[in-house]
Amino acid sequence: MSRHSFASIEGHTEGMPVRMVVDGAPPLPGATMEARRKAFIESHDWIRRALMLEPRGHSHMSGTLFYPPLSEDADMSLLFIETSGCLPMCGHASIGSISFALEAGLIQPKLPGTVVVDVPAGKLAATYEMEGGRVRTVRFTNVPSFLLYRDVEIDHPHFGRLNVDIAYGGNFYPIVEVQPNFPGCEHFSPDELLEWGRQMQAAVNETIEVVHPDNTSIRMVKHTMWTGAPISDSADARAVVIAGDSLIDRSPCGTGTSARVAQRHARGLLREGQSFRHQSLIGSCFTGRVESVTKLKNGLDAVLPSVEGRAWLTGRAEHYVEAQPYAHGFSLQEYVN
Ligand code: PYC
């Protein structure tokens, strides 16, 4: 095996890592980023594993591959790489990657103040504010987000009977609000929430079929959102998002915040134009907003949410992948029952 080299910009969005590969990503066939995501998974998933898992990454690593724009009106394209796989959409990684691309001069937006990004889930439009060469904030408008099911009864191995809403914001989330059997995320350790999140995902997938009404290839729950009381007055609610088997989001989660905006709108708790400050495990915040209301092709009510957050560039790196032990990464999860 010859040496493969990947250059990256490293940073974080509200505490959650973003490793953006700016050199070394493979050319991919396909007319859309979704087709290219599938091609990547089929032939190049070793790159994701090598860059996200140990020893180059860790269980909570997250990143993107930066590509030139695919469609005429876009400024850039992104493929999301996570410890859990290749998500169609990732909010915190979009905010980070847009910030880094602007700060590093990788893009010159066609319309200053706006960045259009081709991603597997569709097209994202984002606005940004810059100050002295640094991006202060990015707000992206997400894909149509909606409450798929409300008040689903789930038998959870630890908590017993829980009532959850299942909402979509680019990924599906069972949203666990405070209730008699769940006093709030602040009462538990991150490790407990991670373990119980895995159990929640399995329990939901066993109980109910979760499928995107307009795109049946988007199915099943691979995340969990535990909610709770905010830790500062400036926030409206708190959420700890578990993604896949091993990742706890340090940010309030962009797709999770979109899903919660849709859930709150559907429940009459958030009106069109209203904002919602969502706080993470570590106290960082995203501001979600209902930009407009819409409908899915099958007639289900949906919203177009936007999410605003901040990202910081922390350095640059060059990663080598060559013949050596654990060349394609490992996860401790793979060594336990
Ligand atoms: O910010 O959308 C997000 C996200 C998904 C998984 C981890 N973060």
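The first residue in the sequence is number 1, and the count goes up from there. One-based numbering, in listed order, for ligands and for the atoms of each. Computed from heavy atoms alone, side chains included, the values below leave out hydrogens, waters and symmetry copies.
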Trainee: May I have all residue pairs that pass side chain to side chain donor-acceptor pair (under 3.5 Å) and include part of residues 100-114, sequence neighbours excluded?
Mentor: Glu103-Arg134

Trainee: N/O of Thr255 under 3.5 Å from N/O of ligand 1, yes or no?
Mentor: yes

Trainee: Only counting residues at least two apart or in another chain, list the ones meeting side chain to side chain contact (heavy atoms under 4.5 Å, CB included) with Asp301.
Mentor: Lys295

Trainee: With heavy atoms of Cys253 as the reference, note each atom of ligand 1 found under 4.0 Å away.
Mentor: 1 (O), 2 (O), 3 (C), 4 (C), 5 (C), 8 (N)

Trainee: What residue and atom, counting heavy atoms only, is the protein's closest point to atom 7 (C) of ligand 1, and at what distance?
Mentor: Asp249 OD2, 3.3 Å

Trainee: Please write down residue, atom name and distance for the protein heavy atom closest to atom 6 (C) of ligand 1.
Mentor: Leu87 CD1, 3.8 Å

Trainee: Under 4.0 Å, counting heavy atoms only: does Ser62 come that close to any atom of ligand 1?
Mentor: no

Trainee: Return a yes/no value for His92: is any of its N or O atoms, backbone included, closer than 3.5 angstrom to an N or O of ligand 1?
Mentor: yes

Trainee: If we only count N/O pairs under 3.5 Å, is Gly254 in contact with ligand 1?
Mentor: yes

Trainee: Considering non-hydrogen atoms only, spot the tightest contact between Leu300 and Pro213 and give its length.
Mentor: CD2-CG, 4.3 Å

Trainee: Give a yes-or-no answer on whether the side chains of Thr287 and Arg277 include a donor-acceptor pair shorter than 3.5 Å.
Mentor: yes

Trainee: Counting both backbone and side chain atoms, is some N or O of Gly91 under 3.5 Å from an N or O of ligand 1?
Mentor: yes

Trainee: Could you walk me through whether His278 and Phe286 pass ring-ring contact (aromatic ring centres under 6.0 Å, His included), step by step?
Mentor: CA-CA 5 Å; His278 212 195; Phe286 281 160; 8.5 Å; no

Trainee: More than 12 heavy atoms of other residues, nucleotides or ligands under 6.0 Å from CD of Glu318: yes or no?
Mentor: yes

